[in-house]
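Note sheet for the following structure.
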2 protein chains.
Amino acid sequence: MLISTKGRYALRILVDMAEHQSEGYITLQEVAGRQDISEKYLESIVRELVKGGIVSGQRGKGGGYRLCRPPEKIKVGDILRCTEGSLAPVACLMEGSVPCARTARCRTLEFWKGLDEAIRRYTDGYTIADMMQSGGDGDDYII
Amino acid sequence: MLISTKGRYALRILVDMAEHQSEGYITLQEVAGRQDISEKYLESIVRELVKGGIVSGQRGKGGGYRLCRPPEKIKVGDILRCTEGSLAPVACLMEGSVPCARTARCRTLEFWKGLDEAIRRYTDGYTIADMMQSGGDGDDYII
DNA sequence: CTAATTCCTATTATAATCGCAGGAAAATAG
DNA sequence: CTATTTTCCTGCGATTATAATAGGAATTAG
């Protein structure tokens, strides 16, 4: 049931980019340095976010990435669906799945639909902007 | 993010057992036949449910399994935590995990806590008895 | 004793995740 | 035009998790 590192890192990356969006295009090197994630692994995650229309990339000198929309319009649900493929708890409820033979007499389907709905409601009600106001000022290390 | 077959089958198994609880001990052979799951695989799932105190087994001739509590007292959350190990969406929130070094300045932790809470609230508010009243009478095949 | 049944310990095959490497393509600066 | 920087693309290797099966020990009823 765990969310993969891809999804978890994606959130951190986007909050990081949101916090530095005034600086124009942000390079992966910067984000990698700040977030302690390898540049190469970041690449594979950010590529999904580009495909999903959440960030856009600009190649060449002076290039980098930037958010396509302001942070308060980026839903966490969209990010996770983008990097995880889907947030549905069971295959029956994934986008574009065909109903299985048991559907009509399935005792568990209603439960799964409700869980899917609960997850969707929560994740779509939370934005990157909400995350920016959470968890200290970024410099208050414990140690 | 998908729930594994272990968790999904566990729900079907328990609904099945609840529907036949008046018959006393229920053998895996019966459940396997009705649910179209191999007896051997069922075994590994039911073993977890025994450990988790959800069903109890009786060996020998005339033995089998039965629910430890009435269906309306068996929360789906308990079943899934039992078979999946945990329902937490991130490792930080798993039972008995040590807080990571980023905790104090983590921008995403609050979000994950909320998601965990939403999942917990929904799954703990749903019981096997609720499932028994869902999805037709068990004989209304589509075909 | 015999048959039925749960319990226990392994093992295998398959798939998914995680992370890295190498280089092509594009944009800019000089 | 050349050199540099940066995203883009393809693919690989290691590790881990899932799914399912196999074989037999322990227990109970008759």
Side-chain angles (χ1 to χ4, degrees), chain A residues 1-10 12-13 17 20 23-33 35-68 80 82-86 88-91 94, chain B residues 1-10 12-13 17 20 23-33 35-68 80 83-91 94:
Chain A
M1 185 67 179
L2 290 178
I3 297 281
S4 73
T5 55
K6 242 176 174 135
R8 287 184 285 118
Y9 284 179
R12 283 169 53 188
I13 292 165
M17 289 177 66
H20 295 86
E23 303 160 23
Y25 282 110
I26 303 157
T27 67
L28 283 190
Q29 205 179 17
E30 297 172 62
V31 180
Q35 294 297 322
D36 228 8
I37 305 173
S38 92
E39 210 177 317
K40 275 298 182 186
Y41 193 36
L42 271 192
E43 252 188 61
S44 61
I45 297 168
V46 174
R47 182 161 46 248
E48 303 294 318
L49 299 175
V50 171
K51 277 192 211 161
I54 294 167
V55 304
S56 65
Q58 174 67 33
R59 294 194 199 183
K61 215 165 193 171
Y65 295 93
R66 69 178 170 195
L67 305 180
C68 291
L80 294 178
C82 177
T83 54
E84 301 287 304
S86 167
V90 291
M94 285 174 58
Chain B
M1 185 68 181
L2 291 175
I3 297 280
S4 74
T5 55
K6 240 173 177 140
R8 286 185 284 120
Y9 285 178
R12 283 169 54 190
I13 292 165
M17 288 177 67
H20 295 85
E23 303 159 24
Y25 282 110
I26 304 157
T27 67
L28 283 190
Q29 204 179 18
E30 296 172 61
V31 180
Q35 294 297 323
D36 226 10
I37 305 173
S38 95
E39 210 177 319
K40 274 296 181 184
Y41 194 34
L42 269 192
E43 249 188 63
S44 61
I45 297 168
V46 173
R47 181 159 47 247
E48 303 294 319
L49 298 174
V50 172
K51 276 192 213 163
I54 294 168
V55 303
S56 65
Q58 175 65 34
R59 295 196 199 182
K61 212 166 195 172
Y65 295 93
R66 69 177 169 195
L67 304 180
C68 290
L80 294 178
T83 55
E84 302 285 305
S86 167
L87 275 180
V90 291
M94 284 174 60

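Naming convention: chains lettered A, B, ... in sequence-line order (proteins, then strands); numbering from 1 in each chain.
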Gap between atoms CD1 and P, on B:Ile13 and D:dA20 respectively (whole Å): 12 Å
Minimum-distance pair of heavy atoms, taken over all atoms of B:Ser86 and B:Met94: OG-CG, 3.6 Å
Take atom CE of B:Met1 and atom P of D:dT18, then tell me their distance rounded to the nearest Å. 14 Å
Between B:Gln58 and D:dT27, does any side-chain N or O lie under 4.0 Å from OP1 or OP2? no
Within residues 59-67 of chain B, those residues having any heavy atom closer than 4.0 Å to DNA chain C are B:Arg59, B:Gly60, B:Lys61, B:Gly63, B:Gly64, B:Tyr65
Phosphate contact (C:dC20 OP1 or OP2) by A:Ser38 side-chain N/O below 4.0 Å: yes
For the pair B:Arg12 (side chain) and B:Gln35 (backbone), establish whether a donor and an acceptor sit closer than 3.5 Å, ignoring hydrogens and angles. yes
If each of B:Glu39 and A:Leu28 is mapped to the nucleotide of DNA chain D with the nearest heavy atom, which maps nearer the 5' terminus, i.e. the 5' end? A:Leu28
Nearest heavy-atom approach of B:Leu2 to A:Ala88 is CD2-O, 3.2 Å
Nearest-angstrom distance from the residue atom CG of A:Leu2 to C1' of D:dT18: 14 Å
For the CD1 atom of B:Ile37 and the CG atom of B:Leu42, what is their distance to the nearest 0.5 Å? 5.0 Å
Donor-acceptor pair present, B:Lys40 side chain and D:dG23 base, under 3.5 Å: yes
Look at A:Thr27 and D:dT6 and indicate whether a side-chain polar atom (N or O) is within less than 4.0 Å of OP1 or OP2. no
Separation of C:dG19 P from A:Lys6 NZ (nearest whole Å): 10 Å
Which heavy atom of B:Lys6 sits nearest to which heavy atom of B:Glu84, and what is that distance? C-OE2, 4.3 Å
Which side-chain N or O atoms in residues 45-59 of chain A pair as donor and acceptor under 3.5 Å with protein atoms at least two apart or in another chain?
none

What one should report as the nearest heavy-atom pair of B:His20 and B:Ile26 is O-CD1, 3.6 Å
Residues B:Glu23 and B:Glu30: closest non-hydrogen pair is OE1-OE1, 4.1 Å
Compare side-chain N and O positions of B:Ser4 against OP1 and OP2 of D:dA19 and report whether any pair is under 4.0 Å apart. yes
Atom CD of A:Glu84 to atom P of C:dA16: distance rounded to whole Å? 14 Å
Counting only non-hydrogen atoms, which of residues 41-54 of chain A are less than 4.0 Å from DNA chain C? A:Tyr41
Round to a whole Å and report the spacing from CD1 of B:Ile26 to C1' of C:dT6. 14 Å
Correct closest heavy-atom pair for A:Ala10 and A:Thr83 would be CB-CG2, 3.7 Å
